[in-house]
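Take a look at the structure set out below.
Bear in mind that the values here come from a model prediction, so they are computed numbers and not experimental data. Letters go in sequence order (proteins before strands), and every chain restarts at 1.
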Number of protein chains: 2
Amino acid sequence: MTVSPLPLAEFVVRVDNVIFSVDTDQNRLLVLLVQRQQPPFIGYWSLPGTLVRQGESLEAAAYRTLAEKIRVSNLYLEQLYTFGESDRNPTYGKRYLSVSYFALVRFADAELIVPGELPVQWFALSACPDLAFDHSKILAYGHRRLCNKLEYSPVAFDVLPEYFTLNDLYQFYSTVLGANFSDYSNFRSRLLKLGILQDTHQKVIRGAGRPATLYRFDREAFAALKDKPLVFV
Amino acid sequence: MTVSPLPLAEFVVRVDNVIFSVDTDQNRLLVLLVQRQQPPFIGYWSLPGTLVRQGESLEAAAYRTLAEKIRVSNLYLEQLYTFGESDRNPTYGKRYLSVSYFALVRFADAELIVPGELPVQWFALSACPDLAFDHSKILAYGHRRLCNKLEYSPVAFDVLPEYFTLNDLYQFYSTVLGANFSDYSNFRSRLLKLGILQDTHQKVIRGAGRPATLYRFDREAFAALKDKPLVFV
DNA sequence: ACAAAAGTGTTTACTTTACACCCATGA
DNA sequence: TCATGGGTGTAAAGTAAACACTTTTGT
């Protein structure tokens with residue numbers, strides 16, 4: 001850690017969250033956006049973000065931003081990427097660094113906190129406007145990560161209800177990855193063969209048709225397979 | 001970007017590089033370390049890093065650190081992860097944020113710049129000491145990334161000479177992933193079937209044995225397959 | 001002629017894909 | 001009894017792993 005002879009940059013660090021959710025009823029992948037009330041980019045939609053406070057870890061700042069916008073019981077959160085602009089911000093006279101986080105929340109119990117002044121809203125990813133700053137780039141990056149994660153990691157179970165049918169799981173995957181990502185019956189057999197789903201022997205009836213079996217994610221069985229690469233798609 | 005009522009943290013941002021190289025002659029995966037001359041952790045080895053200067057992008061800082069330690073003609077560089085301590089550093093009175101970068105350089109032409117005071121050295125990953133700060137954690141993270149990258153992305157070609165034999169490529173993979181990562185003949189057929197290697201029809205003789213064909217990476221052919229997932233192992 | 005390294009081919013087991021078909025329920 | 005969604009099975013194609021074998025060079 002040599003002391004540099006040239007002046008160091010002083011930074012204010014932002015955390016910006018790409019918060020996804022899946023509305024399986026309407027088959028839509030959603031992203032949470034807030035509308036800016038101040039310049040620059042006034043009126044534009046942007047990712048929910050915040051400035052990191054004294055004594056606050058990056059992850060804590062990410063959780064705080066999330067908690068300011070929605071109440072959720074279950075979620076998956078991980079760091080995405082750090083974007084650094086090289087020129088100083090005129091307002092603060094300092095440089096901004098944006099550490100982005102990627103979150104996936106359960107739609108059914110994601111209750112939006114809509115304060116008077118700051119519009120917060122789910123957007124279908126397919127109908128998403130141009131965002132402020134470089135947030136469209138961050139969003140695209142987050143979407144790629146989400147698709148990849150689904151293939152080899154059990155994030156879906158962090159966000160599905162505790163008990164779910166194989167069709168619920170399939171709908172979830174279809175909505176994120178697009179239809180034709182896989183044949184339903186092959187998806188079934190693949191997932192069941194992994195041995196990470198517990199059959200509860202309970203059935204659920206939803207309208208017409210044969211009752212579906214309820215499964216739950218078996219965390220112990222999954223932990224035992226931690227080193228083996230899993231393929232969900 | 002709401003102005004927060006609570007005091008914001010002021011940051012000094014470091015860039016720390018996990019710089020890997022592969023010595024295919026000795027079958028060793030190497031990482032570049034520097035020995036600390038100041039407290040804390042005086043005498044400990046650490047990842048080469050630097051503080052980000054005014055007007056300097058994160059990536060530029062990563063390249064600068066690299067260029068201060070080694071001269072290379074070819075390399076692969078990407079951002080790894082951002083580690084943020086939540087408590088302020090006593091020396092600077094500010095918080096540190098460490099944005100880590102992951103680099104892979106060609107060993108043959110990585111010429112170490114050894115200044116008088118600051119020892120810089122390649123370490124075999126298998127014989128790597130405990131590092132200063134949380135750098136062992138960062139290194140482990142970088143190693144995992146390297147192994148994953150090799151499986152689905154053509155980083156090896158950024159770091160192999162322009163013309164190489166299939167055995168060179170195999171040695172490279174073996175050294176990083178460990179022997180028994182794959183049978184040589186199966187590796188050959190898999191790589192050739194991808195269609196991203198150009199046969200130059202030139203042969204090279206290295207000691208005894210049948211001359212080997214020289215190949216080169218076919219960037220156009222690879223670009224055409226960009227959307228299809230490739231498997232190198 | 002033999003060792004060494006490059007390169008080819010083959011056998012076997014497994015996965016993936018596409019699709020046909022049966023099952024259990026409500027209307 | 002038929003529509004609807006749940007669930008099983010299977011044939012064909014493709015991939016992976018192990019390994020035997022051939023080819024071309026230096027010594």
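- Shown are Asn17(A), Leu32(A), Thr50(A); of these, the side-chain contact (heavy atoms from CB on, under 4.5 Å) with Leu66(A) is made only by Asn17(A).
- Atom CG in Leu191(B) sits about 15 Å away from atom C1' in dT15(D), given to the nearest Å.
- For the ring-ring contact (aromatic ring centres under 6.0 Å, His included) with Phe217(A), the lone residue among Phe222(A), Phe164(A), Tyr163(A) that qualifies is Phe222(A).
- Distance Phe181(B) CZ to dA17(D) P: 11 Å, rounded to the nearest Å.
- Remark: P of dG7(D) and CG of Leu197(A) are 12 Å apart, rounded to the nearest angstrom.
- Taking the nucleotide of DNA chain D with the nearest heavy atom to each of Asp183(A) and Asn167(A), the more 5' of the two is matched to Asn167(A).
- A straight line from CZ of Arg188(A) to P of dA18(C) spans 18 Å, rounded to a whole angstrom.
- The nucleotide whose nearest atom lies closest to any side-chain atom of Ala212(B) is, among dG7(D), dG7(C), dT15(D), dG7(C).
- Separation of the Tyr184(A) and Tyr173(A) ring centroids does not fall under the 6.0 Å cut-off.
- Aromatic rings from Phe181(A) and Tyr170(A) are positioned such that their centres are separated by under 6.0 Å.
- Computed from coordinates, the Phe187(A) CZ to dT17(C) P distance equals 13 Å when rounded to whole Å.
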Check nucleotides 25-27 of chain C against the protein and report each pair of N or O atoms closer than 3.5 Å, with its distance, or say if there are none.
from, atom 1, to, atom 2, distance (Å)
dT25(C), O2, Gly209(A), N, 3.4

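- Between Thr213(A) and the phosphate of dG7(D), there is a side-chain N or O to OP1/OP2 separation shorter than 4.0 Å.
- In this structure, OH of Tyr184(A) is placed 5 Å from P of dG6(D), rounded to the nearest angstrom.
- A donor-acceptor pair shorter than 3.5 Å can be found between the side chains of Thr175(A) and Asn27(A).
- Nucleotide dA6(C) holds its C1' atom 12 Å from the CG atom of Asp168(B), rounded to whole Å.
- Between the CG atom of Asn180(A) and the P atom of dT17(C) there is a distance of 13 Å, given to the nearest Å.
- The phosphate of dA16(D) (OP1 or OP2) has no side-chain N or O of Asn186(B) nearer than 4.0 angstrom.
- For the residue pair Thr165(A) and Asp168(A), a side-chain donor N or O sits within less than 3.5 Å of a side-chain acceptor on the partner.
- Residues Val231(B) and Arg190(B) come closest through the heavy atom pair O-CD, 3.7 Å.
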